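Working notes for the structure below.
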Amino acid sequence: MIQSRTHTCGQLRIEQAGQTVTLAGFMENVREVGGSLAFVVLRDFYGITQLVVEDPQLLALIKSLNKESTLQVTGVVRERSSKNPKQPTGDIEVVPSQIQVLGRCRHNELPFEINHSREADETQRLRYRYLDLRNPAVKENIILRCNVVAALRKAMTAHNFLEITTPILTASSPEGARDYLVPARKHPGKFYALPQAPQQFKQLLMTSGFDRYFQIAPCFRDEDARGDRSPGEFYQLDMEMAFATQEDVFSVIEDVFPPIFAKYGKYNIASKAPFRRIGFNEAMETYGSDKPDLRIDLTVQDATDLLGGCGFGPFEGNVVKAIVVTDFTGTRKQIDGLCTEVEIQSGNKGYWFRYDEQGEIVGGIAKFIAPIKEEVVKALGLVPGCFVGLTAGKKSAAQKTAGVFRNKLGAFCPNHMDREKYEFCWIVDFPMYEIGEESGQLEFCHNPFSMPSGGLEMLEKAHRGEIDPLRITADQYDLVVNGVELSSGAVRNHDPEIMIRAFQLVGLGEEDVKAKFPAMYNAFTYGAPPHAGIAPGVDRIVMLLAGEESIREIIPFPMNKNAQDVMMDAPGPVSEKQLEELHIRVDLEEKA
RNA sequence: GGCCUGGUAGUUCAGUUGGUUAGAACGCUAGCCUGUCACGCUAGAGGUCGUGGGUUCGAACCCCAUCCAGGUCGCCA
């Protein structure tokens, strides 16, 4: 049987030469040199150690094994005659006197090579995730995740937040994303739902008198995946503070995050407190996005008055946005490539011209710009060597397309983007209401839990028609890092009366509030503290810190894009008996 | 659900205008090699070219359908 290890595979140094040690690990590689000598690479969680097998019997044993078998080895540490400075244990090797096979690998061909698993087909990686994770480079991201979560817990605890767990089986919420439902055996025809977020529970904790709550909270939403969004489940650093303002939340986050980003991040520079605050409207106007990447120094200018009448068809009667890029060196082909990417991603065309080194308007839609050159140069502040990216459309389309263009230009021009840092900002003053695209009616813009800025007074003014409800903002904020939205948060609406008035503006009433959020509404009628919170996504934080493009790289056992676990084979069918107990009959419609 | 890209050996990929026996690297098997460390050298095994249909004397290649994967948009209060 297995004995205790005396050392790990990453531990031995020249100082241990002469000692007898016991190691255990995976047989990563065997290099046979001559008929009577083999070098074996033994790998465990901590590192690799070279074994030298000279004993004919042990050599025969090694040769009979497949790679990735697990071994326990006892032997003497010896100084290498040819050292390997690239390895921490490269000065020594272990000469085994005893080798015990702990777990034989029955496969002489693996689904992929362990050390190159990142290049393998993703389905294969996920199906054999336990092999994929043997790759130190893959494992490293999971270790990072553990360290970051531990650091977040430590920092939150140091700020006097209590970690409180909330139910996983709860009630379906009428707002938000699609729920995951769980049939209730004891209540035929009824369902639990997995929480989309512990939103209502944390607000109820505030109402219960807890002052500072946090949780590394599992959240479940049945929505399609994205590169930066895993399907089904994800984790948030969920937090809430009683008797707190927006400023109180900001100062906690500004204290907790930068040191963790600087310590664990791929880049070790992070914004210092206070983070920049950008109003929602300003963000859309200046960056064409509500999640601007502030590492890019380019901004969007309005050119509607300047170019709307220049004669270029697509600008006619539309809002026009311009992005001026100084010292631009891209080729015609590269510009076309950028415009194509803009169109693919935004669904709208990007246009351009250049103000070249000789001070001439050239390229793209130059024909329409040249006649009003002086005016354009002055208004946009052009200097020779400029590129000007242009977008047009209804206001929001022109803004968003410009935002995409800005990101592409930033990525293309190293002189306009300093990648190697974490740039935080707060987006504030979100509108409370919007006109729904489908309904054409006034709707909540984000969520009805937020406190309207100005409270009851502003709502009453809107009800009396003194102000446009579209101009009411909410005490709501987004935390953005490097163009990634890490989180939304808000000062919550803790006052039943304000809640009802807020709902009435969108044509709902007291009954709707009570029906949708019965527990919270009732709780608030017993005297609730004003409270505020936020819930940054842990997966996205780790992604940013690891510098990974895919969320799956930082999740131990991720599902694929179609919300399947191909390793465990979930979702899968269940037995008739299980369905019967749950009072469920499966009725699949024939595919048309 | 829409759009884009891809699917060829265990793995990663190449495959010209439609034309002989579909190639390479890594891995695997065997042999050689006494200091390797991405060990090296020699030989070998390994393929329903995602699936189904069509065009053609002839299809990995062209057409249609379909499945799968990744990206992207919708969606994600």
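All of these numbers come straight from a predicted model, not from anything done at the bench.
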| query | Take atom OH in A:Tyr192; do more than 12 heavy atoms of anything else shown fall under 6.0 Å from it? | reply |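 Atom OH in A:Tyr192 is not crowded, with 12 or fewer foreign heavy atoms closer than 6.0 Å.
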
Taking atom CZ as the centre, does A:Arg13 end up with more than 12 heavy-atom neighbours from other residues, nucleotides or ligands that are less than 6.0 angstrom away?
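Counting other residues, nucleotides and ligands, CZ of A:Arg13 exceeds 12 neighbours.
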
Round to the nearest Å and state the distance from [X] atom [atom1] to [N] atom [atom2].
X	N	atom1	atom2	value
A:Arg221	B:C75	CZ	P	15 Å
A:Glu548	B:G71	CD	P	13 Å
A:Lys561	B:C75	NZ	C1'	13 Å
A:Ile551	B:C76	CD1	P	18 Å
A:Phe444	B:C76	CZ	P	16 Å
A:Gln236	B:C76	CD	P	16 Å
A:Asn348	B:C73	CG	C1'	12 Å
A:Glu119	B:C26	CD	P	14 Å

Base of [N] paired with side chain of [X] (donor-acceptor, under 3.5 Å):
X	N	answer
A:Arg226	B:G74	yes
A:Arg229	B:C76	yes
A:Asp224	B:G74	yes

Quiz question: by atom type and distance under 3.5 Å, do the side chains of A:Glu233 and A:Tyr180 form a donor-acceptor pair?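 No, no side-chain donor-acceptor contact under 3.5 Å.
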
Heavy atoms under 4.0 Å, any strand shown: does [X] hit a base, just sugar-phosphate, or nothing?
X	value
A:Asn562	sugar-phosphate
A:Glu485	nothing
A:Glu113	base
A:Asp222	nothing

Side-chain donor or acceptor of A:Arg492 paired with backbone N/O of A:Ala532 under 3.5 Å:
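The answer is no, because no donor-acceptor pair under 3.5 Å joins these two groups.
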
Donor-acceptor check, side chain of A:Asp475 to backbone of A:Ala490, threshold 3.5 angstrom: yes or no?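 Between the backbone of A:Ala490 and the side chain of A:Asp475 there is no qualifying donor-acceptor contact (under 3.5 Å).
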
What's the gap between [N] and [M] when it is taken at their [atom1] atoms, as a whole Å value?
N	M	atom1	result
B:A25	B:A43	P	11 Å
B:C76	B:A69	C1'	23 Å
B:G31	B:U21	C1'	27 Å
B:C75	B:U56	P	47 Å
B:G6	B:C63	P	13 Å
B:A14	B:G1	C1'	35 Å
B:G71	B:C13	P	15 Å
B:G50	B:G7	C1'	6 Å

In 5'-to-3' order, the base (B), backbone-only (S) or no-contact (-) status of each nucleotide in nucleotides 28-41 of chain B, using a 4.0 angstrom heavy-atom cut-off, is S----BBBBBSB--

Tell me whether [X] is salt-bridged to [Y], with the criterion being a basic N under 4.0 Å from an acidic carboxylate O.
X	Y	result
A:Glu548	A:Arg552	no
A:Glu485	A:Arg226	no
A:Glu553	A:Arg125	yes

Please give the nucleotide sitting opposite [N] as a Watson-Crick or G-U wobble pair, both distances under 3.5 Å, or none.
N	result
B:U12	B:A24
B:C41	B:G31
B:U17	none
B:U55	none
B:G70	B:C4

Taking OP1 and OP2 of B:A69, is either one under 4.0 Å from a side-chain nitrogen or oxygen of A:Gln564?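 For B:A69, OP1/OP2 do have a side-chain N/O of A:Gln564 under 4.0 Å.
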
- [ ] Measure from the side-chain heavy atoms of A:Ala120 and tell me the nearest of B:G70, B:C73, B:U11.
- [x]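 Of the candidates, B:U11 comes closest.
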
So A:Trp426 and A:Phe250, would you call those rings parallel, tilted or perpendicular, with 30° and 60° as cut-offs?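 It falls in the parallel class, under 30°.
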
